[in-house]
**Student:** 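Pasting a structure here, questions to come.
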2 protein chains.
Amino acid sequence: MKKVKKDKEGECEVLCINERKVASARKTMKSDATLFKLAEVFKVLGDPTRMKIVSALLQEELCVCDLTALIGASQSAVSHQLRVLRNMGLVKYRKDGRIAYYSLDDDHISSILTAGLKHVEE
Amino acid sequence: MKKVKKDKEGECEVLCINERKVASARKTMKSDATLFKLAEVFKVLGDPTRMKIVSALLQEELCVCDLTALIGASQSAVSHQLRVLRNMGLVKYRKDGRIAYYSLDDDHISSILTAGLKHVEE
DNA sequence: CCAATACATGAATACTTGATCATATATTAG
DNA sequence: CTAATATATGATCAAGTATTCATGTATTGG
């Protein structure tokens with residue numbers, strides 16, 4: 001159901017498409033792969049539990065037990081979501097005995113949240 | 001299954017929880033409502049189709065038809081996702097006859113993407 | 001060594017959600 | 001008015017996902 005029509009010469013005659021604007025946008029847009037990765041990062045931040053975890057880690061590293069107490073979820077749920085955050089490279093952790101201390105992986109994450117907050121807080 | 005124990009005086013004796021760090025984090029963390037809204041915004045940006053739409057609109061307004069051509073999705077899918085973006089206040093639109101021109105709702109959105117890109121592009 | 005603690009993880013389930021299909025509305029050309 | 005165009009939207013459905021439950025691994029105190 002493409003919005004195009006074949007004319008007598010076999011060429012495409014577009015309808016309402018503004019070719020110039022479309023070409024211009026296509027030129028400056030990031031690659032599909034980059035946009036996909038970007039969407040993945042935002043998707044990971046787009047869950048309340050994970051958002052709470054990340055924002056709790058903004059100041060200092062915390063262990064799983066601290067995080068569980070802080071955000072009001074089960075230890076299992078926190079652990080599962082920490083793995084998601086780890087896999088996306090948003091948090092890292094170090095082990096000290098049987099305690100795992102989690103922290104944010106890089107400084108960009110703080111600025112992502114800050115930028116988002118500006119939109120949320122009007 | 002709370003990680004707490006009642007002791008003889010009826011008080012809570014925590015296990016590995018670092019009370020000081022937890023209290024400190026709790027103080028500076030945004031409210032649950034704010035974090036929830038923040039997660040919602042990121043969730044909306046966390047879909048490849050919507051991410052493509054938003055990034056296509058970074059430079060100038062585009063009509064639905066342009067967007068459909070640009071991002072390679074059906075008109076219906078684009079329309080549905082535009083509504084999600086509208087409801088979240090990420091895009092706005094104006095009608096000119098039967099054509100709807102969409103644009104980003106505020107400038108923060110660009111900075112959110114920029115911050116995210118810094119993480120994605122290492 | 002043994003029990004308790006801290007955390008991780010597989011399975012099952014309920015819930016969410018993005019795409020498609022069909023159709024509706026609105027505008028304009030003829 | 002009528003047909004075509006541009007967009008919106010409800011319903012359906014398949015795929016994804018967050019939580020819970022049960023259990024596993026690793027570390028440490030006694």
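For the numbers below, each heavy atom of this structure counts, side chains included, while hydrogens, waters and symmetry mates do not. Numbers restart at 1 for each chain; the letters A, B, ... are given by sequence-line order, proteins then strands.
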**Student:** May I have the distance from A:D96 (atom CG) to D:dT27 (atom P), rounded to whole angstrom?
**Tutor:** 12 Å
**Student:** How long is the line joining CE of B:M88 and C1' of C:dG18, in whole Å?
**Tutor:** 15 Å
**Student:** Looking at C:dT9 and A:H80: do their rings stack (centroid distance under 5.5 Å, interplanar angle under 30°)?
**Tutor:** yes
**Student:** Look at the side chain of B:C63 and decide which nucleotide, out of D:dT7, C:dC7, D:dT20, has an atom nearest to it.
**Tutor:** D:dT7
**Student:** Between C:dT28 atom C1' and B:K95 atom NZ, what is the distance in whole Å?
**Tutor:** 12 Å
**Student:** Between A:S111 and A:T114, do the side chains contain a donor N or O and an acceptor N or O under 3.5 Å apart?
**Tutor:** no
**Student:** Give B:A100 one of three labels, base, sugar-phosphate or nothing, depending on what nucleic acid heavy atoms sit under 4.0 Å from its own.
**Tutor:** sugar-phosphate
**Student:** 5'-most contact on DNA chain D: A:G97 or B:Y93, nearest heavy atom basis?
**Tutor:** B:Y93
**Student:** Quiz question: by atom type and distance under 3.5 Å, do the side chains of B:S79 and B:S76 form a donor-acceptor pair?
**Tutor:** no
**Student:** Looking at C:dA8, D:dT7, C:dT9, which one has an atom nearest to any side-chain atom of A:R83?
**Tutor:** C:dT9
**Student:** Base of D:dA8, side chain of B:Q75 - is there a donor-acceptor contact under 3.5 Å?
**Tutor:** yes
**Student:** Nearest whole Å is fine: how far is C:dT27 P from B:R98 CZ?
**Tutor:** 11 Å
**Student:** So, does B:Y102 get its side chain near the phosphate of D:dA8, meaning an N or O under 4.0 Å from OP1 or OP2?
**Tutor:** yes
**Student:** Would you state whether a donor and an acceptor, one from the side chain of B:S74 and one from the base of C:dC21, lie under 3.5 Å apart?
**Tutor:** no
**Student:** In whole angstrom, what separates B:L82's CG from C:dG18's C1'?
**Tutor:** 14 Å
**Student:** Rounding to an integer number of Å, can you tell me how far A:R94 CZ sits from D:dA26 C1'?
**Tutor:** 17 Å
**Student:** Please work out whether the ring planes of B:Y93 and B:Y102 are parallel, tilted or perpendicular, with thresholds of 30° and 60°.
**Tutor:** parallel
**Student:** Look at the side-chain N and O atoms of A:K43 and state whether any lies under 4.0 Å from the OP1 or OP2 oxygen of D:dG16.
**Tutor:** no
**Student:** Under 4.0 Å between a side-chain N/O of B:R50 and OP1 or OP2 of C:dG18, yes or no?
**Tutor:** yes
**Student:** Sequence neighbours excluded, which residues qualify as side chain to side chain contact (heavy atoms under 4.5 Å, CB included) partners of B:R98?
**Tutor:** none
**Student:** Among D:dA8, D:dA6, C:dA6, which nucleotide has an atom closest to any side-chain atom of B:S79?
**Tutor:** D:dA8
**Student:** For the pair A:D32 and B:K52, find out whether any cationic side-chain nitrogen is under 4.0 Å from an anionic carboxylate oxygen.
**Tutor:** yes
**Student:** Of the listed nucleotides (C:dT27, D:dT20, C:dG18), which one gets closest to any side-chain atom of A:S76?
**Tutor:** D:dT20
**Student:** Salt-bridged, A:K37 to B:E121, with N to O below 4.0 Å?
**Tutor:** no
**Student:** Rounded off to whole Å, could you give me the CD-to-C1' distance for the A:E40 and D:dG16 pair?
**Tutor:** 13 Å
**Student:** Specify the separation, in whole Å, of atom CG of A:N18 and atom C1' of D:dT5.
**Tutor:** 17 Å
**Student:** Nearest to the side chain of A:Q81 - D:dT27, D:dT7, D:dT19?
**Tutor:** D:dT19
**Student:** Considering just the side-chain nitrogens and oxygens of A:T49, establish if one lies under 4.0 Å of OP1 or OP2 belonging to D:dT19.
**Tutor:** yes
**Student:** Counting heavy atoms from C-beta on, name the nucleotide in C:dG18, C:dC7, D:dA6 closest to the side chain of B:I99.
**Tutor:** D:dA6
